[in-house]
Amino acid sequence: MIDIWQSVPTGLQDAILLFFLLLPGLFLGYWVIRGYRPWQLVSALLVRYRWLNLLFVLLIAISVGVGTAILAQEKALRAGSARAAEKFDLVVSAPGSKIDMLMAVVYLQPVDVPLLDGKVLKALAEDPRVDLAAPIAYGDSYHGFPVIGSTADFVHYLAGKLVKGSMFSTAHEVVIGAKVDLSIGDTFIPVHGHGQEADLDEQHEHGDEIDSDEHHEITADADETGKSCRLAGTHHHHHHDHNYRYKVVGRMERSGTPWDKAIITPVEALWAVHGLTSGHLPHDERLGPPFDYTHFPGTPAIIVHAKKLWANYALASEYTTDKTMAFFPGTVLAKLHGLLGDVRKIMSLLSNLTEVLVALSIFSALIILARLFSRRFALLRAIGAPGRFIFAVMWSYTAILVSSGSLAGLVLGYLGSRVFAIVVARETDITLRVFFSWNEYQHVAAFFSLALLLAVFPAYIAFRKAGVADLRAG
Amino acid sequence: MLGLSVEEVVVSGNGSQLILDIKYFSANPGEKIGIRGPSGAGKSTFLYTLCGLVAPRYGSVCWGNTDLLSLSVSDRDKFRHRFLGLIFQEPCLFEELSALENASLAASFVPFSERQDIRDRAELYLERFGLPKTGRKVVSFSGGERQRVAVARALAGNPSVILADEPTAALDQKNRNHLMDDLVRCTEQERKTLLMVSHDQEALARMDRVVELRDGVIAGSSSNLEGRGK
């Protein structure tokens, strides 16, 4: 039996499951309503207590909406963050926190990390198994857009063909992400740091002193003037060229990742801005690889793309040493997703519990409300309506509230997810593609059927209570 | 056409106190009978017992050859729908529905084949009573109009018997007359039996016979037919 089930395509399995989740509610509905036409009376009850009914629908919609939104969000967040990391097969950096590096490399979040020297880059670049070994350097920004130093090969690898303009060919040219608020031909002067740190930088320029003991020194060779700078750190010394001007020459295609807000410059330019060596021999004006490791100022991370998938694993093993750390961002993300999944399970459980509690509260209210309907139900009994008809009216009334609430909950859940996606995109630049899958529909179907089964109780009470005493009242 | 025969019917309340004790009562098919008596005399209970809404401790309520009390609850519902039309002191309408929707309420629960018939008859009576059939919801109707909708509802199922519990009590004089005209005309034209509880002397005067109830027992009966020369 299990074998037969597993041989059924997944989509069909989901459809069958959805059908079987809806079945108890639909079957009960058919059984209750068959032979009757209760809708006219139900509509009368709905109109009669419209504001109360609207409140019930709203409560159900919110509880269902929260449940579906949690499911959809977790899925979108998982897909969005995975998509952001998909171009980063293997990252080599100095030993430290993989999560910190992941945040720095994939999500461009400023973190304090030590630098790798040129020998590591040289070894990787010359490794026949490696297709791309690109240094990544951070430290500057322009109006909140991070300025990232790397190579033209990395830009091609990351974004493919540029949608506008051309690749940088001098140390004063940059290509920009799709969401960078600049145009081709614009020029700008970057500031050191990101966000508030960039503001601090302005203060530093006006003479504020930073205790150098609190800051890590660059691990690579200092330049000939003896100046040092920490490229990826949050603090720095005053060796920033405040007049270094960049010109925008190209724009990358939109990727839905934080790199849409990146300004990518030749890594040599970033080093130059910080008064560091260019990574090449003196007077060598070339950009990009091969770098001269004796003049290589250091890089916080190297993005590695191997020619073959298996080579990634071999490289990861070889570069996991006491001086270097190699990791797969995808693996780190999977661990984070695992954690996210656990949180989702707890939240999902809580939201299911809320749904049931809301449904129970509403049914309790309906039992009380049924007292208000009792005179009408008593009249129906008096004119010969069978007890099952009274039951059908009250059950249909509850079913309409539950169905409307469930449908509104789906819409609300979707809209809520969209709003959350906008907030996430604003905060992290990760585009979340919100969509409802079978899971969300099955969740709502389960709630729908359960609620219709529970609706039997107010209906039964209405049917039991309808008596002649109510006709005498008033 | 159904005649009624009630024998040895005893209805008691929660504390076993006697509410109704009818040794014998009968009504001929097509007869119009008024039931009067002071408050608490058991008039409404008597009426509800006759239609099976109140279950007596014992006794028999026979409509034609059918002892209502021997039927199951669902069969009693069916009997009530098929043979008895009820009118109450309050019209008990669904205010969010139109006159026609209210008058044809039974069409919601009868078999499909009977629905159109009920609607047609409801339309006919509303027209006869000069009431708008659709459009306006009955919430906007006057008290008299509402009660006439209730009468149309009672007649729409084409019952053999009309049981009316103080149908004119909440109406002014003009509307009382209007309602009684409609009710009596319809029952006479269609030879329906009418049993009506009322305090209204004018309404009771239009009945063939008036039964007096006191403390749950029939204390007397008087005929109006002689006065009319029948």
Side-chain angles (χ1 to χ4, degrees), chain A residues 30-54 369-397 400 459-460 462-474, chain B residues 11 14 43-45 47-49 51-55 72-98 100-112 115 118-119 137-139 150 153-157 159 163 165-166 170:
Chain A
Y30 168 74
W31 180 80
V32 168
I33 299 169
R34 74 189 197 286
Y36 297 144
R37 213 182 50 170
W39 306 114
Q40 203 169 54
L41 300 184
V42 171
S43 71
L45 296 180
L46 289 170
V47 172
R48 176 80 173 167
Y49 301 100
R50 50 191 170 278
W51 297 116
L52 193 63
N53 293 328
L54 198 66
L369 196 64
R371 289 300 306 156
L372 293 174
F373 302 160
S374 61
R375 195 140 192 251
R376 291 151 183 251
F377 291 155
L379 167 86
L380 289 171
R381 290 308 302 273
I383 64 171
R388 192 167 67 81
F389 180 71
I390 313 286
F391 186 94
V393 171
M394 190 65 197
W395 185 88
S396 306
Y397 168 72
I400 284 186
Y460 177 74
F463 147 73
R464 291 283 297 172
K465 291 276 179 191
V468 72
D470 294 300
L471 287 172
R472 287 171 165 166
Chain B
V11 177
N14 291 336
K43 304 185 295 294
S44 295
T45 304
L47 212 62
Y48 293 141
T49 306
C51 62
L53 285 172
V54 168
S72 67
V73 173
S74 65
D75 283 341
R76 240 180 274 174
D77 290 339
K78 280 181 196 158
F79 184 90
R80 204 161 42 243
H81 160 63
R82 190 159 299 278
F83 297 107
L84 310 178
L86 271 72
I87 303 165
F88 307 95
Q89 184 175 337
E90 297 284 333
C92 298
L93 301 176
F94 283 79
E95 298 193 337
E96 303 74 22
L97 301 182
S98 68
L100 181 61
E101 287 165 338
N102 268 288
S104 59
L105 209 55
S108 303
F109 55 82
V110 296
F112 183 79
R115 285 179 192 166
I118 288 174
R119 278 182 71 88
K137 305 294 173 199
V138 295
V139 70
R153 182 180 63 203
L155 292 164
L163 300 168
D165 186 9
E166 302 197 50

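These numbers come from the heavy atoms of this one structure, side chains and all, not from hydrogens, waters or symmetry mates. The chains referred to below are lettered A, B, ... by the order of the sequence lines, with proteins before strands, and numbering in each begins at 1.
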Contact class of [X] relative to chain A, heavy atoms under 4.5 angstrom:
| X | value |
| --- | --- |
| V110(B) | backbone |
| F88(B) | side chain |
| A107(B) | both |
| R76(B) | neither |
| C92(B) | both |

If we define contacts as heavy-atom pairs under 4.5 Å, which of E95(B), R82(B), K78(B) has the most with chain A?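 Among E95(B), R82(B), K78(B), the one with the most close pairs to chain A is E95(B).
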Heavy-atom distance under 4.5 Å between the side chains of [X] and [Y], does that happen here?
| X | Y | result |
| --- | --- | --- |
| I383(A) | F109(B) | yes |
| V47(A) | F94(B) | no |
| V139(B) | R48(A) | no |

Can you tell me how far [atom2] of [Y] sits from [atom1] of [X], rounded to the nearest 0.5 angstrom?
| X | Y | atom1 | atom2 | value |
| --- | --- | --- | --- | --- |
| L97(B) | Q40(A) | CG | CD | 5.5 Å |
| R376(A) | L105(B) | CZ | CG | 10.5 Å |
| F112(B) | R37(A) | CZ | CZ | 9.0 Å |
| E96(B) | L41(A) | CD | CG | 10.0 Å |

Could you walk me through whether R381(A) and V73(B) pass the side chain to side chain contact (heavy atoms under 4.5 Å, CB included) check? CA-CA 10 Å; R381(A) 290 308 302 273; V73(B) 173; 3.5 Å; yes
With chain B, which of G35(A), A382(A), P38(A) has the greatest number of heavy-atom pairs at distances under 4.5 Å?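 Winner by heavy-atom pair count: A382(A).
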